[in-house]
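Notes to accompany the following structure.
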Amino acid sequence: MVKADAYGLGAATIGPALRAAGCFSFFTATIDEALALRAILPAADIYELGGVPSGAERDVIAGGIIPVLNHLGEIEVMAAAARRFDVRPPVAVHIDTGMNRLGLGPDELETLLDERSRLDGLFVRSWITHLARADEVAEMNIRQLCRFAAAVAYLPDAATSISASSGIFLGEEFHRDMVRPGAALYGINPTPTRSNPMDAVVRLDARVLQARTAEAGTTVGYGATHTVKTRARIATLGIGYADGYHRSLAGEGFVWFGEVAAPVVGRVSMDLITVDVTDVPEHLCEPGTLAEVIGPHRPVDQVAREAGTIGYEILTSLGRRFHRLHLGGAAS
Ligand SMILES: *Cc1c(COP(=O)(O)O)cnc(C)c1O
């Protein structure tokens with residue numbers, strides 16, 4: 001899954017790395033994302049989850065993109081395009097088994113089962129569904145699995161796909177022919193009730209711009225929300241909410257200097273945060289040194305908890321101003 005620029009991490013680099021690691025099938029959210037990836041991965045299967053708005057079918061077919069069709073209208077659009085361009089385009093069809101979000105609902109599914117000729121001219125590569133509660137042990141997962149199995153048993157034979165990251169860890173019956181992991185690939189814990197089986201692959205450091213002494217009774221930052229109780233050392237780091245350091249981390253977040261944690265104090269600014277580094281050895285925290293914002297001491301899921309959100313939102317909101325290094329994938 002490389003939608004949203006590979007969860008904000010850079011699909012142009014991560015796509016080829018995944019391909020080199022043996023991944024053949026890629027999913028994006030939009031047609032634009034799919035076409036951009038096609039330019040980089042000429043031979044891969046590239047799916048696009050957002051369907052085909054009328055008028056986009058030519059681009060989808062020309063780009064060799066496999067659209068995931070979400071409703072009967074899109075099936076009709078692609079079937080008509082197949083006749084018009086005299087091709088048999090590959091498609092996937094999404095069956096909604098309980099999300100009420102994307103995919104054929106029960107009524108549309110019944111229509112398709114009665115009128116399978118609606119698929120004439122299309123090459124159905126796969127049937128997919130998506131779980132609503134895969135990160136929990138929930139009976140709903142079994143219900144969705146059964147609904148999906150019952151539907152595809154009566155539909156033309158094609159690969160089937162149920163699971164995103166968390167679903168993979170529900171057991172083999174959720175694996176089917178293809179799985180669609182995103183979050184787990186990027187180090188987010190797919191099993192939130194247990195320890196993370198995945199390696200942390202994202203590290204984010206921020207640079208100290210200034211370190212100063214703040215006297216007792218003075219305040220830090222906008223709104224003077226943090227009052228210094230006893231003489232403290234305050235470091236100002238070059239990262240802010242414009243970089244995806246969520247404003248809700250004010251008073252909640254920590255950064256690390258070596259093995260020492262430092263709390264974020266005062267408000268998060270657009271380009272800056274202020275941290276109390278009184279307990280940090282001075283040589284670790286002077287202008288030019290780096291603090292760990294996400295990394296081994298600050299897993300992305302923990303930063304997300306402190307920000308009141310999920311790891312997905314932390315990664316996808318990472319800003320464009322960071323100097324980015326891709327070190328390549330490595331099995332461990
Ligand atoms: C985003 C998405 C995925 C990947 O989900 P993760 O939890 O990141 O693994 C898989 N399938 C669909 C339909 C999605 O929208």
Side-chain angles (χ1 to χ4, degrees), residues 1-3 24-31 33-34 45-54 56-57 60 65-82 88-136 138-183 190:
M1 186 62 63
V2 290
K3 62 189 177 187
F24 302 110
S25 305
F26 295 81
F27 281 80
T28 65
T30 69
I31 296 171
E33 286 178 349
D45 282 351
I46 301 177
Y47 292 81
E48 167 271 313
L49 287 165
V52 185
S54 178
E57 55 280 23
V60 166
I65 306 304
I66 307 174
V68 178
L69 308 178
N70 294 307
H71 54 81
L72 292 177
E74 286 176 344
I75 291 176
E76 176 48 34
V77 164
M78 282 305 286
R88 189 159 175 262
V91 300
V93 178
H94 193 155
I95 299 171
D96 191 325
T97 55
M99 283 279 273
N100 271 324
R101 195 179 69 166
L102 283 177
L104 304 180
D107 293 357
E108 290 204 305
L109 178 60
E110 203 160 292
T111 303
L112 187 66
L113 288 167
D114 287 345
E115 302 168 19
R116 273 178 267 180
S117 60
R118 285 169 182 263
L119 296 169
D120 286 354
L122 301 178
F123 175 22
V124 180
R125 289 284 306 275
S126 47
W127 305 101
I128 80 163
T129 194
H130 195 50
L131 300 173
R133 302 182 67 180
D135 56 346
E136 307 166 64
E139 200 227 317
M140 186 170 185
N141 295 321
I142 308 289
R143 273 207 305 277
Q144 288 194 262
L145 181 69
C146 292
R147 281 195 197 119
F148 186 62
V152 297
Y154 294 99
L155 286 165
D157 200 30
T160 56
S161 176
I162 296 176
S163 288
S165 297
S166 295
I168 294 168
F169 292 86
L170 291 175
E172 260 180 43
E173 65 272 35
F174 288 89
H175 293 180
R176 293 292 184 132
D177 301 308
M178 175 167 62
V179 292
R180 310 185 304 271

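Here L102 pairs with N70, H94 under the side chain to side chain contact (heavy atoms under 4.5 Å, CB included) rule; sequence neighbours left out. In this view, E108 satisfies the side-chain hydrogen bond (donor to acceptor under 3.5 Å, both in side chains) rule with no residue, not counting sequence neighbours. Partners of S165 according to the side-chain hydrogen bond (donor to acceptor under 3.5 Å, both in side chains) rule, which considers only residues two or more places apart in sequence or in another chain, do not exist here. Among residues two or more places apart in sequence or in another chain, the ring-ring contact (aromatic ring centres under 6.0 Å, His included) test is passed with F26 by none. Partners of F24 under the side chain to side chain contact (heavy atoms under 4.5 Å, CB included) rule, at least two apart in sequence or in another chain, are R19.
L109 has its side chain within reach of I95: a pair of non-hydrogen atoms, C-beta onward, lies under 4.5 Å apart.
Note: E76 CD to L119 CG = 11.0 Å, rounded to the nearest 0.5 Å. The distance from the OH atom of Y47 to the CZ atom of R180 is 10.0 Å, given to the nearest 0.5 Å. For the atom pair CH2 (W127) and CG (L155), the distance works out to 4.0 Å, reported to the nearest 0.5 Å. With rounding to the nearest 0.5 Å, the separation of CG in L72 from CZ in R118 is 5.0 Å. Taken to the nearest 0.5 Å, the CG atom of L49 stands 6.5 Å off from the OG1 atom of T28. Atom-to-atom distance recorded for R133:CZ and M140:CE is 7.5 Å, nearest 0.5 angstrom.
For E115 (side chain) and S117 (main-chain N/O), no donor-acceptor pair under 3.5 Å exists by modelled atom type. Side-chain atoms of R116 do not come within 3.5 Å of backbone N or O of P156 as any donor-acceptor pair. Proximity of a side-chain donor or acceptor of E74 to a complementary backbone N or O of V52 within less than 3.5 Å is detected. Between the R101 side chain and the A132 main chain, no donor and acceptor come within less than 3.5 Å of each other. At distances below 3.5 Å, not a single donor-acceptor pair connects side-chain atoms of E48 with backbone N or O atoms of E33.
Looking at T129 and T97, their side chains do bring a donor and an acceptor atom within 3.5 Å of each other.
The two residues M178 and S126 make their nearest non-hydrogen contact at CE-OG, 4.0 Å. When all heavy atoms of E136 and N141 are compared, the pair lying nearest together is O-ND2, 3.0 Å. The two residues P67 and M78 make their nearest non-hydrogen contact at CG-CE, 3.9 Å. Nearest heavy atom pair, residue R147 against residue G98, reads NH1-CA, 4.2 Å. Looking at every heavy atom in both residues, Q144 comes nearest to L131 through OE1-CA, 3.4 Å. The shortest non-hydrogen separation linking I75 to L122 is O-CD1, 4.0 Å.
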Would you be so kind as to tabulate the donor-acceptor pairs closer than 3.5 Å made by side chains of residues 167-174, with sequence neighbours excluded?
none

Take I31 and I65 through the test side chain to side chain contact (heavy atoms under 4.5 Å, CB included) and record every step on the way to the result.
CA-CA 8 Å; I31 296 171; I65 306 304; 5.6 Å; no
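By the neighbour-count criterion of 12 heavy atoms within 6.0 Å, atom CG of D120 is densely surrounded, having more than that number from other residues, nucleotides or ligands.
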